Visitor: 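Would you mind keeping the following structure in view while I ask a few things?
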Amino acid sequence: MQMPTPIRAPTWVSRRRHFEQKLWDLDKCRDINQLKQMQAIVYKSNLQQDPFIAPKLITAFSLCRQMGSALKVFSQVPYPNVHLYNALIRAHIHNFNSSQAFATFVDMQCAGIFPDNFTFSFLLKGCSGKCWLSVVSMIHAHVVKWGFEDDIYVPNSLIDAYSKCGIVGVRTAGQLFRGMKERDVVSWNSMISALLKVGDLSEARKLFDEMPQRDRVSWNTMLDGYTKAGEMIVAFELFKKMPLRDVVSWSTMVSGYCKVGDLEMARMLFDKMPSKNLVSWTIMVSGYAEKGLVKEAIGLYMRMEEAGLKLDVAAIVSILAACAESGMLSLGKRVHDSVERSTYKFSTLVCNALIDMYAKCGCLHKAYNVFNGLKKRDLVSWNAMIHGLAMHGRGKKALELFFRMKQEGFVPDKVTLVGILCACNHTGLVDEGIIYFYSMEKDYGVIPEIEHYGCLIDLLGRGGYIKEAFDLARKMPLEPNIKIWGSLLGACRMHKAVELADDVLNLLVKLEPANAGKLSALSNIYAVAGDWNNVANIRLMMKSIGRPKQSGASLLALNDEYHEFTVMDKSHVKSDKIYHMIDGLSQHLKLLRPVPVGFCDE
DNA sequence: CTAGGGTTAG
C-alpha cells in the first residue's frame, strides 16, 4: 500500500513558527548580530512593550554586553512591572554592576512596584564573590520585611551570600539555616560549603552525615573540603564510600594528591578515571608542573594536545601559574606557543598569566614583550610586570613603570605596593622604601598588611638597620609570621648580630617548633660569630625535634633538564671545576661592589 | 507561555 504524501504546511506558517520559536528563545541569544535582527522584527511587530518580550530582550542584550541597548528597551516601556525590573536588575548583575542593580531596586520601590522573591535572588547573586556583610544583612532585612524568608530559594541565596562574608557571615548563615522551616538539598549543600570555606571540617561533616539525602554535589563538596585540607586519608575513605563517582569526584582526588605532593597516587587515579575532561588534564599537568617534574608535565601536556583537547582560559592560566611556581619555562613556552595560535592571545587574563610566568622564570624581556603587546592592560598586568622587575633587582625600572601606570590613571592597590617595596628592597633603595611604606596609607589608601611589613623589615635588615627592623617587628599591629622572623634571621647573619639572634630563637621555637631549617640558619649565625656554645645548644634542640633539616636546593634548568644543587654539594662529576668557577665569580663580584644588593639595575 | 537556587574539580 502506498503511503499518503504528508501534507506540508505552507512556507509562511513554518516561517512564522520559526520566528515564534526565535522570540521564545530570545533571552538565550548570545550573538549580537542575530539579536539586532530579532530586535528589528520585534519593533516591526510593535512588540517592544510586550510584557513577555521586553524582559527577554533586556536579558539578551545584557548577555551580549550591550547594557546601553538593554537600558533603552527598559526605558521604552511606560509602566514597567516586577518582571521587567527583575530583568534589569539581573542584567546589571550580569555586567558586574551591582551598584546599578541596587539603584534599580530603589527605583522600583519609588515607582511603587513591590519586589518579589525573584528580585531578592537576583540581588543576592550580585553580592556573591564580594564580602559585603552589611549589604547582605540589609537585603536580609528586606526579605523579612516583604515576607520571603519561607520561600526556599531566597534563604538559600542568602546562605550563599552570607557564606562569602567570612566567619561572621558563615555564623549568620548557620542561624538562618537552622531557623528555616524547610530545607532542601541545596540548603544543606550551601551550608556545608559555607562551613568548609572557613575551614570548619568537623561541623561540615556533621551536617553531611545529618542531611536526609545527599546528591553528587554534597559528596563532591565534602570530598573537596578534605582534599583542600590535605586530609587525603579521610578523603579517600569518603571517595570509596561514594555511591556514584563522577569526573568531578575523580578530579578532586587527583588534585588533592597533587597538592600533598603524592604525584604517583595522583597519576594512578588519573589513569584509572573512567572519563577525563579538560579540567582533569589540567589538574594533572599543573600538578607535575608545580612540582617541577618537567618530563612528566611536558609529556602529559603533549598527550593532552594529541587527544585533541583545546585549552580554555582557565586551563591556560592554571598551567602557567604552575610553571611560574616551579620556574618551568619550557612548558610555559609551549603554552605560550599554543596561545599565540589562538584568539586567547588577546585575553588580558591569559597575558597576565604569561607575564607572571616569564617574570618568575627570569625572562624579563619576554614578560615585557607580552606586557607591551597587551591591548587592554589592567591593574594585574601592571602589578605582575612591576613585581617581576622588582624581584630581579630591576628596581629603578619597576619604579619607572609605577609612575607610568599612575600617569595612565591606574590606582595602585596593596599588591602594587608590595611590588614597590620589593623593588626598593632589591635595589638597595632603603630611604625610598621607608618613605613609600609610611605614606602608602595617605597616598593610596592602602593599609599596610603583613606582606608590606615583611618587605620593610627585610629592607631595614638588609640595609643594616637591624635594631629598627626588630623594633618594627615587635611594635607592628600584626603578629609577625615565620617569614618575618626568617628575614630578621637573615639580617642577623648578614650583619653578624648575634645578641639579637637570641630573641629570634625564642620566638621562632614558639611559632614553629618543628622548623629545623630556621634553627640551622640560627646555628650558622652563632657559628659565624664563633659562639660555639649556642651552636651546640641548637644542634641539640634540632636533635630533640627529631627532624633533620631538609636542605634547600637550587634548581637549574638546562635544555629541559633540571640540575639540583645543595649547599656544599659535591655530587656533580665536575664539581671541582664548578666551585673553582664560583670562587672566581665571587672574587669578581667583591671587586665590583661590596654591597650585596642592587647590583644589576641597568 | 517569561524568569530564580548550590559552583562540587583546573
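Bear in mind that the values here come from a model prediction, so they are computed numbers and not experimental data.
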Visitor: Do any pairs count as a side chain to side chain donor-acceptor pair (under 3.5 Å) and have a residue in residues 169-182 of chain A, sequence neighbours left out, and if so which ones?
Guide: A/D150-A/K181
Visitor: Restricting to pairs with a member in residues 67-79 of chain A, which pass side chain to side chain donor-acceptor pair (under 3.5 Å), not counting sequence neighbours?
Guide: A/Y43-A/Q76
Visitor: For A/F122 and B/dG4, give me the distance from atom CZ to atom P, rounded to whole Å.
Guide: 6 Å
Visitor: Tell me whether the OP1 or OP2 atom of B/dT7 has a side-chain N or O from A/K164 closer than 4.0 Å.
Guide: yes
Visitor: Between A/R90 and B/dG4, does any side-chain N or O lie under 4.0 Å from OP1 or OP2?
Guide: yes
Visitor: Is A/D312 side chain donor-acceptor paired with the B/dG10 base, going by distance under 3.5 Å alone?
Guide: yes
Visitor: Which nucleotide sits closest to the side chain of A/D215: B/dG6, B/dG10, B/dT8?
Guide: B/dG6
Visitor: Between the base of B/dA9 and the side chain of A/S251, is there a donor-acceptor distance below 3.5 Å?
Guide: yes
Visitor: So, does A/K228 get its side chain near the phosphate of B/dT8, meaning an N or O under 4.0 Å from OP1 or OP2?
Guide: no
Visitor: Check every atom of B/dA9, B/dG6, B/dG10 against the side chain of A/T252 and return the nucleotide holding the closest atom.
Guide: B/dA9
Visitor: Separation of A/F177 atom CZ from B/dG6 atom C1', in whole Å?
Guide: 12 Å
Visitor: Closest approach to the side chain of A/K125, judged atom by atom: which nucleotide of B/dG6, B/dG10, B/dG4 is it?
Guide: B/dG6
Visitor: Rounding to a whole Å, what distance do you find between A/Y344:OH and B/dG10:C1'?
Guide: 13 Å
Visitor: Under the criterion ring pair (Phe, Tyr, Trp, His ring centres under 6.0 Å), I'd like the reasoning laid out for A/W281 against A/F270: C-alpha separation, chi angles, the key distance, then a yes or no.
Guide: CA-CA 8 Å; A/W281 283 87; A/F270 178 80; 5.3 Å; yes
Visitor: What is the separation between atom CD1 on A/I283 and atom P on B/dG10, rounded to the nearest whole Å?
Guide: 6 Å
Visitor: Measure from CZ on A/F239 to C1' on B/dT8 and round the result to the nearest Å.
Guide: 14 Å
Visitor: Measure the distance from CG on A/L124 to P on B/dT7 and round it to the nearest whole Å.
Guide: 13 Å
Visitor: Hey, could you give me each pair passing salt bridge (charged side-chain N to carboxylate O under 4.0 Å, His left out) that has a residue in residues 187-206 of chain A? Not counting sequence neighbours.
Guide: A/E203-A/K206, A/R205-A/D209
Visitor: Give a yes/no on whether any side-chain N or O of A/S193 is located under 4.0 angstrom from OP1 or OP2 of B/dT7.
Guide: yes
Visitor: Identify each donor-acceptor pair in which a side-chain atom of residues 298-310 of chain A lies under 3.5 Å from a protein atom, sequence neighbours left out, and give them as a table.
Guide:
| unit_1 | atom_1 | unit_2 | atom_2 | d |
| --- | --- | --- | --- | --- |
| A/Y301 | OH | A/E305 | OE2 | 3.3 |

Visitor: Counting distance only, does the side-chain N/O of A/S98 pair as donor-acceptor with the main-chain N or O of A/G126 below 3.5 Å?
Guide: yes
Visitor: Can you name the side-chain hydrogen bond (donor to acceptor under 3.5 Å, both in side chains) partners of A/D224, sequence neighbours left out?
Guide: A/K228
Visitor: Is the distance from the ring center of A/F208 to that of A/W188 below 6.0 Å?
Guide: no
Visitor: A/T221 has a side chain; which of B/dT7, B/dG10, B/dT8 sits nearest to it?
Guide: B/dT8
Visitor: Evaluate whether atom NZ of A/K276 has more than 12 neighbouring non-hydrogen atoms of other residues, nucleotides or ligands under 6.0 angstrom away.
Guide: yes
Visitor: So what does A/L278 touch, heavy atoms closer than 4.0 Å: a base, only the sugar-phosphate, or nothing?
Guide: base
Visitor: I'd like to know if A/N277 reaches the base of B/dG10 with its side chain such that a donor and an acceptor end up less than 3.5 angstrom apart.
Guide: no
Visitor: Using a cut-off of less than 4.0 Å, is there contact between a side-chain N or O of A/K276 and OP1 or OP2 of B/dG10?
Guide: no
Visitor: Contact class for A/D27 vs. all strands (heavy atom < 4.0 Å): base, sugar-phosphate, or nothing?
Guide: nothing
Visitor: Let's see if you can work this out: which of B/dG4, B/dG6, B/dG10 has an atom nearest to the side-chain heavy atoms of A/V186?
Guide: B/dG6
Visitor: Side chain of A/S318 only, heavy atoms from C-beta on: which candidate in B/dG4, B/dT8, B/dG10 is closest?
Guide: B/dG10
Visitor: Tell me which residues in residues 50-66 of chain A put a heavy atom below 4.0 Å from DNA chain B, sorted by number, or none.
Guide: A/P51, A/F52, A/P55
Visitor: Given B/dT8, B/dG6, B/dA9, which nucleotide is nearest the side-chain atoms of A/D160?
Guide: B/dG6
Visitor: Between P on B/dA9 and CZ on A/R216, what's the gap in Å once rounded to a whole number?
Guide: 15 Å
Visitor: What's the closest nucleotide to the side chain of A/D224 if the choices are B/dG4, B/dA9, B/dG10?
Guide: B/dA9
Visitor: From the options B/dT8, B/dG4, B/dG10, select the nucleotide whose nearest atom is closest to the side chain of A/V248.
Guide: B/dT8
Visitor: To the nearest Å, give me how far apart CH2 (A/W146) and C1' (B/dG4) are.
Guide: 19 Å
